[in-house]
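First up is the structure itself, then whatever we jot down about it.
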There are 2 protein chains.
Amino acid sequence: MPVARPRQPVLSRQRIVEVATAILDKEGLDALSTRRLAQELGVRAPSLYNHFATKDAILDAVADAIIAQVDLRMFGKGEWAVALTEWARTYRRALAAHPNAVPFLAHGPALRPAALALADAVYGALVEAGWPPSYATRIGAAMRYFVAGSSLGSFALGFPDDPSVYAQRYPNLRDAHRLRGRHRQVDDGAFELGLATLVRGFETLYAQVVDAR
Amino acid sequence: MPVARPRQPVLSRQRIVEVATAILDKEGLDALSTRRLAQELGVRAPSLYNHFATKDAILDAVADAIIAQVDLRMFGKGEWAVALTEWARTYRRALAAHPNAVPFLAHGPALRPAALALADAVYGALVEAGWPPSYATRIGAAMRYFVAGSSLGSFALGFPDDPSVYAQRYPNLRDAHRLRGRHRQVDDGAFELGLATLVRGFETLYAQVVDAR
DNA sequence: GTCTATATGATGATAGAC
DNA sequence: GTCTATCATCATATAGAC
């Protein structure tokens, strides 16, 4: 029996990356197997190897496609502190849309082009603004720590909504069962509070380190 | 042939948790299978099920054992800002010793006793110091974001040490290949800078929100 | 409380047909 | 460039002997 072979390729690197991202988002890294991915693409697993050498190469492409969503156009115009704030928000938006990928993404840019371009833009903007290199590095790292941590998963949703969990044993948390109901407010509020605090602190430091030079 | 059965139990929940943590740290979550765990314990995989109902229960116990390492005794004595700073350092020390567990830990306390005790202590200390509940929640969440993000993995080690990666294409990163050599300084420096900035900012906010009340 | 044996099914990757 | 077929390996979990 002849094997049906489509005249037009049904696979492409882009389509594979899109579907892989969707599986990763919906069901986590464990669900992302080559068979499962192929099934959702309407092909069999071995076909994937015509487009990527290994499964890890697929994951790398997923990671870089996520980072490529981060807008970097705010750098190079206007105040560095304003740009840093806007960038942190886009960065968080991109990561928080794919929380299962955050542990992987947080391991750094490696050889991924979009991740390297991101680091280049942030660091470049800080140095251009007058920050000494050692400060620019540490500010960039601290911002990434905060954004990655806030994208790993909801703080508020980590608390059980059963009040009896807290009664007696954890008296200060007696209202924690209500966190789930307003998790968005809590998580967004914590992010914005931390972001504003960090950027305002860096502005104060800037006055001492750069302006006073 | 009779089955050799030791007079003293060779397994215990504590020993299982210790060895599971060691495997998780050395080789990651993927390497932590029941067979592998049993092998390192000198038994066969099914024996583990006499001590834990499922593999997930083992993971939960590992997670709580890590959080149990976080010292909480600084709360309730002295200034809240000093306690918060010391706590963040212990917290990071505990998490950074087990980076492969951070994504799991960051999902919140769930029903794990040590994690609930930690949340109870931090939140309680802030409220006791006079912070309104909504601020205490957001400060606690922001701190966890920062600590978790800084424990996921090294910032500095994420950059390849091959200078040719950056040449031409990422001019601002032309010195990034040197980050690996001093990754400890960079990561610790970024953490301490971010921590000091956050706590100092919260102190300023405290003067506005609580003292001015 | 640990053992042997086994059920049951998934995994990443390759060879070679078409 | 996708297919079938298959390899070698791994997984979590249960039943019942001792």
Side-chain angles (χ1 to χ4, degrees), chain A residues 1-64 100-101 103-104 107 110, chain B residues 1-64 100-101 103-104 107 110:
Chain A
M1 203 161 81
V3 172
R5 179 175 160 192
R7 296 165 186 253
Q8 291 292 88
V10 301
L11 289 182
S12 68
R13 289 177 63 98
Q14 197 197 332
R15 227 168 78 72
I16 292 171
V17 166
E18 284 170 6
V19 174
T21 306
I23 295 172
L24 183 67
D25 290 344
K26 251 184 298 183
E27 307 182 39
L29 191 62
D30 287 349
L32 185 58
S33 65
T34 54
R35 291 165 139 82
R36 175 69 196 286
L37 177 54
Q39 189 196 359
E40 304 240 336
L41 283 160
V43 299
R44 306 291 177 140
S47 304
L48 301 170
Y49 290 88
N50 289 309
H51 301 268
F52 290 96
T54 64
K55 190 195 170 187
D56 278 350
I58 299 177
L59 248 170
D60 255 325
V62 168
D64 217 41
N100 295 328
F104 185 82
H107 281 156
Chain B
M1 201 159 84
V3 171
R5 178 176 162 195
R7 295 166 187 254
Q8 290 290 88
V10 301
L11 289 182
S12 68
R13 289 177 64 99
Q14 196 197 332
R15 227 168 80 71
I16 293 171
V17 166
E18 284 170 6
V19 174
T21 306
I23 296 172
L24 183 68
D25 290 345
K26 252 184 298 187
E27 308 181 38
L29 191 63
D30 287 349
L32 185 58
S33 66
T34 54
R35 288 159 132 79
R36 175 68 196 288
L37 178 54
Q39 190 198 356
E40 305 241 337
L41 284 159
V43 301
R44 306 291 177 140
S47 303
L48 300 170
Y49 291 90
N50 289 310
H51 301 268
F52 290 96
T54 64
K55 190 195 171 187
D56 278 350
I58 299 177
L59 248 170
D60 254 325
V62 168
D64 217 41
N100 295 328
F104 185 81
H107 281 155

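Letters A, B, ... mirror the listed sequences (proteins, then strands); counts begin at 1.
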Apply side chain to side chain donor-acceptor pair (under 3.5 Å) to B:Asp25 and list each qualifying residue two or more places apart in sequence or on a separate chain.
-> B:His98
Round to the nearest Å and state the distance from B:Phe52 atom CZ to C:dG1 atom P.
-> 13 Å
Side-chain (B:Asn100) to main-chain (B:Leu29) donor-acceptor, under 3.5 angstrom = no
Integer-rounded Å distance: D:dA11 C1' and B:Ile58 CD1 | 13 Å
C:dG1 C1' sits how many Å from B:His51 NE2, rounded?
-> 6 Å
Give the rounded distance in Å between these two atoms: CG of A:Leu37 and P of C:dG12.
-> 10 Å
Euclidean distance, atom OH of residue B:Tyr49 to atom P of C:dA5 [Å, nearest integer] = 19 Å
Applied to residues 44-58 of chain A, the salt bridge (Lys or Arg N to Asp or Glu O under 4.0 Å) test, sequence neighbours excluded, yields none
Those residues that, when tested against A:Glu40, pass side chain to side chain donor-acceptor pair (under 3.5 Å) (two or more places apart) | A:Arg36
Can you tabulate the close N/O pairs, meaning under 3.5 Å, that link protein atoms to atoms of nucleotides 8-11 of chain C?
residue, atom, partner, partner atom, Å
C:dT11, OP1, A:Ser33, OG, 2.7

Any B:Ser47 side-chain nitrogen or oxygen under 4.0 Å from OP1 or OP2 of C:dC3 = yes
Non-neighbouring partners of B:Asp60 that pass side chain to side chain contact (heavy atoms under 4.5 Å, CB included), sequence neighbours left out | B:Phe104, B:Arg112
Length of the CZ-P vector between B:Arg15 and C:dG1, whole Å | 15 Å
Check whether any side-chain N or O of B:Thr21 sits under 3.5 Å from a backbone N or O of B:Val17 as a donor-acceptor pair, and report yes or no.
-> yes
Which residues share a side chain to side chain donor-acceptor pair (under 3.5 Å) with B:Gln39, sequence neighbours left out | none
Within residues 39-46 of chain B, find the residues that approach DNA chain C with a heavy atom at under 4.0 Å, and present them sorted by residue number.
-> B:Val43, B:Arg44, B:Pro46
Set of residues satisfying side chain to side chain contact (heavy atoms under 4.5 Å, CB included) with respect to A:Ala57, sequence neighbours excluded | A:Phe52, A:Thr54
